[in-house]
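Here's the structure we're looking at; comments come further down.
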Amino acid sequence: MAETHKPPEAFTLRMRRYDPESGEAPYWDEHTVQLEPHRSVLEGILQAKARFDGSIGIRCSCRAAICGSCGVRINGEPGLACHTHLDHARESASDGVIEIEPMGNMPVIKDLIVDMDAVHWKKVQRVTPWLINKLPVPEREYVVPKESMVDITQSMACIQCGACVSDCLAMEVDPGFVGPAALAKAYRFVGDPRDARQRERLVDLAQDPQGIYDCTHCFKCVQACPKDVNPMGQIMRLRRIATADQHIVDHNNGKRHEAAFTSLIHDNGLLWEAELLPRSYGGNSWFGKFAPSTVKELLSSLPAIVRGLARGKVSPLGALKPHRIPRADLKRVQSIYDSVEGRGERYELNLYVSGIDEDDAPADGDGTSATADGASASHAPVEDTHDLAPEGEAPSDSAPPPVDPGPPSASGPESETTAVGPGADADAEPDADAQEDGQ
Amino acid sequence: MRVAYWPGCVSRGFTPELHGSMAKVAPLLDIELVQLDRASCCGAGVIAEHNQELADTLNARTFALAQEVQGAELMMNICSTCQGAQSECQERLDASASYREHINQTLAPEGLCYERGLTNKNFLWLLVEEIGLDALRAKVRRPLTDLRVGPFYGCYIVRPRSRLGIDAEHPRDHYLEQVIQALGGSVIEYAGMRKCCGFPIITMNKEASLKQAGRHLGDAVEAQADCLVTPCPLCHLNLDLQQPLAEGIVGRELKMPVLHLPQLVGLALGLEPKELGLSRHVVRPTTVIDWSASVVGAVA
């Protein structure tokens with residue numbers, strides 16, 4: 001950070017105070033601290049604690065955004081207190097006063113300290129967060145393809161701060177949801193080629209009504225994560241492997257819904273809602289609507305269906321007949337399905353790993369995607385991977401052939417396998433050793 | 001202005017009043033809609049969940065078709081979910097020349113090619129950024145005076161902020177409030193306005209899904225909103241079509257009308273409630289119609 005030294009300024013902090021053991025209701029407490037604007041909100045809290053009120057409860061340790069202890073809500077948004085500058089926090093405050101609250105979805109122990117054991121750690125334990133070795137265990141280390149380990153680096157970047165748990169909207173209404181942090185951790189092992197229980201892990205999380213199919217796609221965890229772990233993206237990858245690779249048909253309609261949706265677009269080009277629902281419940285064919293589970297479900301939805309018909313929202317004809325794109329275009333759409341799905345391997349571009357081509361960033365104009373300011377903030381780790389690229393080589397030049405999901409800049413162009421673990425060195429030979437990374 | 005118009009699937013399926021009202025409102029705002037009839041569903045995140053490259057290719061095809069529309073300044077959608085799903089695909093396509101080339105190879109047999117840098121804006125963004133709030137205000141013929149409107153954005157159009165281009169210069173997560181005010185209405189803020197309606201898990205966990213819808217609707221009732229407005233037809237399905245079921249799940253009466261954004265704009269621009277399809281909602285917008293009745297006459 002090239003912050004020039006600025007003199008201390010006054011920053012007012014409004015902190016949520018609560019001691020459940022006191023029997024008193026929560027209240028707001030304000031203190032004004034004097035600090036340079038680039039100092040962190042955590043330093044502000046600690047100064048208030050040192051100068052005005054030693055009873056303020058805050059948990060912290062490293063002060064360098066790596067231990068994950070000081071997760072709080074700042075002006076309503078989750079984040080690390082040590083990773084938020086005071087001046088930035090003041091800018092985002094509605095009235096110039098920095099508002100600091102404990103994280104959500106977890107019970108408060110005192111003031112800004114929440115009970116991570118009761119929620120977050122319990123959920124992490126739920127997903128068996130350790131490697132179960134494939135047998136036989138090799139005499140030395142496992143040898144794994146480099147790209148498969150690069151693939152799970154994003155989920156390994158998690159520092160267990162709980163920011164995503166704090167803001168999870170599914171958990172807000174369904175506290176039993178396994179949740180974003182634990183599911184991202186689950187992907188870390190499902191995606192690890194050394195793990196022996198990929199299928200069992202996926203069956204477990206697909207069949208659990210509060211597992212991978214309880215996520216509502218709200219992007220709260222994506223926004224909340226200070227390390228760009230993209231927990232929702234990891235949940236979608238768990239679903240993808242569970243359905244496309246393992247063909248796990250779950251009790252929660254997860255696979256049926258995905259299969260119905262995908263094939264309706266294949267058949268019509270557009271969604272046909274009246275057919276999607278019965279197929280999601282009863283199975284992906286026209287007969288799905290006659291399955292007992294569908295009939296039960298449709299009966300419970302009958303009032304909504306009748307009202308929709310009565311209001312002219314849905315016409316009986318519209319319910320029976322799909323809307324469809326023109327025939328020639330439908331053929332094109334179907335040939336796209338054929339050529340993409342006909343390939344043996346799926347190709348997934350993960351910008352966390354691959355980064356953005358230098359020629360292509362920042363985006364010009366006012367397009368909605370990859371706009372200049374946002375993209376760099378959102379993909380901070382990308383800059384790190386660029387730093388690892390061979391000197392003088394533009395990342396775009398080292399981009400892989402598209403069917404190779406390997407990262408363009410983090411990997412040497414020709415290395416195919418990697419050693420995993422602290423002992424790995426940069427010049428690892430193809431059959432280099434690997435060991436568990438201690439996660 | 002001429003735009004390549006992507007209406008999405010649901011606006012032509014279970015919420016036909018959305019597509020219909022957009023068609024009525026566009027000429028009043030001097031927007032010429034060139035509909036992308038040949039394009040396919042955005043995938044709503046579900047196709048990407050199945051196969052990311054497939055979703056990216058289908059959307060690249062849509063973008064390429066939009067770029068072929070002569071004289072169109074940009075592509076416009078009327079669905080938060082389309083916006084979010086398409087922005088996600090576009091982010092990948094725009095980030096890597098080699099990936100783009102790979103996707104374009106699949107489009108090549110049709111003679112299509114996506115060129116980096118398409119501008120794809122939801123009607124909400126277009127209203128504020130292209131038409132402008134002052135111009136919009138000047139077109140209001142029937143101000144929404146005393147109408148208390150609660151915004152409901154839909155997740156896909158507000159998160160993640162960087163992908164959706166939300167920053168200090170483009171506070172797109174506050175545009176609904178700005179539009180409501182420009183139309184003369186009062187903004188009602190409530191806890192759930194940027195939360196999830198629950199729709200994506202309606203077939204997987206109905207109770208959790210409708211608890212979300214019911215809770216936000218309940219918050220809006222507490223905040224004394226007359227109605228909600230949303231740029232997302234999928235949210236509309238959970239908030240309106242499923243509202244009677246949501247009432248059962250949260251155990252309270254809600255009766256909260258939910259308007260599509262073009263409907264709210266259309267009312268203020270002088271269109272009649274019925275031609276905007278307000279009579280097609282499951283929850284009758286009586287609060288809106290009572291208010292309209294005193295000015296323009298009720299829905300038949």
* **Polar contact flag, side-chain donor to acceptor under 3.5 angstrom, B:H50-A:E341** => yes

* Check: B:N205/A:N252 side-chain N/O donor and acceptor closer than 3.5 Å -> no

* Asked: How about B:E115: does its CD atom have over 12 heavy atoms from other parts shown lying under 6.0 Å from it?
  -> no

Rounded distance [0.5 Å steps], [atom1] in [X] versus [atom2] in [Y]:
{"X": "A:D329", "Y": "B:L65", "atom1": "CG", "atom2": "CG", "answer": "7.0 Å"}
{"X": "B:I103", "Y": "A:I336", "atom1": "CD1", "atom2": "CD1", "answer": "9.5 Å"}
{"X": "B:L58", "Y": "A:R332", "atom1": "CG", "atom2": "CZ", "answer": "11.0 Å"}
{"X": "B:Q242", "Y": "A:R307", "atom1": "CD", "atom2": "CZ", "answer": "9.0 Å"}
{"X": "B:N51", "Y": "A:E348", "atom1": "CG", "atom2": "CD", "answer": "8.0 Å"}

So which part of [X] gets closer than 4.5 Å to some heavy atom of chain A, the side chain, the backbone, both or neither?
{"X": "B:R215", "result": "side chain"}
{"X": "B:A39", "result": "backbone"}
{"X": "B:L241", "result": "both"}
{"X": "B:S209", "result": "neither"}
{"X": "B:R12", "result": "both"}
{"X": "B:D56", "result": "neither"}

Looking only at heavy atoms, which two atoms of [X] and [Y] are closest? And how far apart?
{"X": "A:V333", "Y": "B:S40", "answer": "CG2-CB, 3.9 Å"}
{"X": "A:S339", "Y": "B:T106", "answer": "OG-CG2, 3.1 Å"}
{"X": "A:L349", "Y": "B:S96", "answer": "CD2-CB, 4.4 Å"}
{"X": "B:P160", "Y": "A:F219", "answer": "CD-CD2, 3.7 Å"}

When only pairs under 4.5 Å are counted, which of [options] shares the most heavy-atom pairs with chain B?
{"options": "A:M236, A:H217, A:E273", "result": "A:E273"}
{"options": "A:E91, A:M232, A:K220, A:H251", "result": "A:K220"}
{"options": "A:Y337, A:F261, A:Y213", "result": "A:F261"}
{"options": "A:V340, A:D167, A:I265", "result": "A:V340"}
{"options": "A:D250, A:L271, A:T243, A:L264", "result": "A:L271"}
{"options": "A:R237, A:R256, A:Q210, A:E258", "result": "A:E258"}

* **Worked verdict on A:L351 versus B:R92 for side chain to side chain contact (heavy atoms under 4.5 Å, CB included)** => CA-CA 7 Å; A:L351 296 180; B:R92 284 188 288 268; 4.2 Å; yes

I need the residue from [options] with the largest number of non-hydrogen atom pairs under 4.5 Å to chain A.
{"options": "B:G45, B:P200, B:G154", "result": "B:P200"}
{"options": "B:T15, B:V158, B:I47", "result": "B:I47"}
{"options": "B:G8, B:C196, B:A55", "result": "B:C196"}
{"options": "B:G277, B:G198, B:A48", "result": "B:A48"}
{"options": "B:R194, B:K206, B:M75", "result": "B:K206"}

* Is chain B contacted by the side chain of A:T216, its backbone, both, or neither, given a heavy-atom distance below 4.5 Å? -> both

Where the side chain of [X] meets the backbone of [Y], is there a donor-acceptor pair that is under 3.5 Å apart?
{"X": "A:D174", "Y": "B:A208", "answer": "no"}
{"X": "A:N253", "Y": "B:M204", "answer": "no"}
{"X": "A:Q223", "Y": "B:R161", "answer": "yes"}
{"X": "B:R159", "Y": "A:C218", "answer": "yes"}

* Asked: Is B:E53 paired with A:R343 through a side-chain N to carboxylate O contact shorter than 4.0 Å?
  -> yes

* To do: Look at A:R239 together with B:E49 and state whether they make a salt bridge at an N to O cut-off of under 4.0 Å.
  => yes

* Asked: Step by step, would you call A:R346 with B:Q52 a side chain to side chain contact (heavy atoms under 4.5 Å, CB included)?
  -> CA-CA 8 Å; A:R346 282 192 310 274; B:Q52 191 190 76; over 6 Å; no

* Asked: Passes side chain to side chain contact (heavy atoms under 4.5 Å, CB included), A:R311 versus B:H281? Steps please.
  -> CA-CA 7 Å; A:R311 298 285 151 83; B:H281 294 189; over 6 Å; no

* Going through the checks in order, is the side chain to side chain contact (heavy atoms under 4.5 Å, CB included) test met by B:T203 and A:L276? -> CA-CA 10 Å; B:T203 56; A:L276 177 66; over 6 Å; no

* Does A:Y347 have its ring centroid less than 6.0 Å away from the ring centroid of B:H102? -> yes

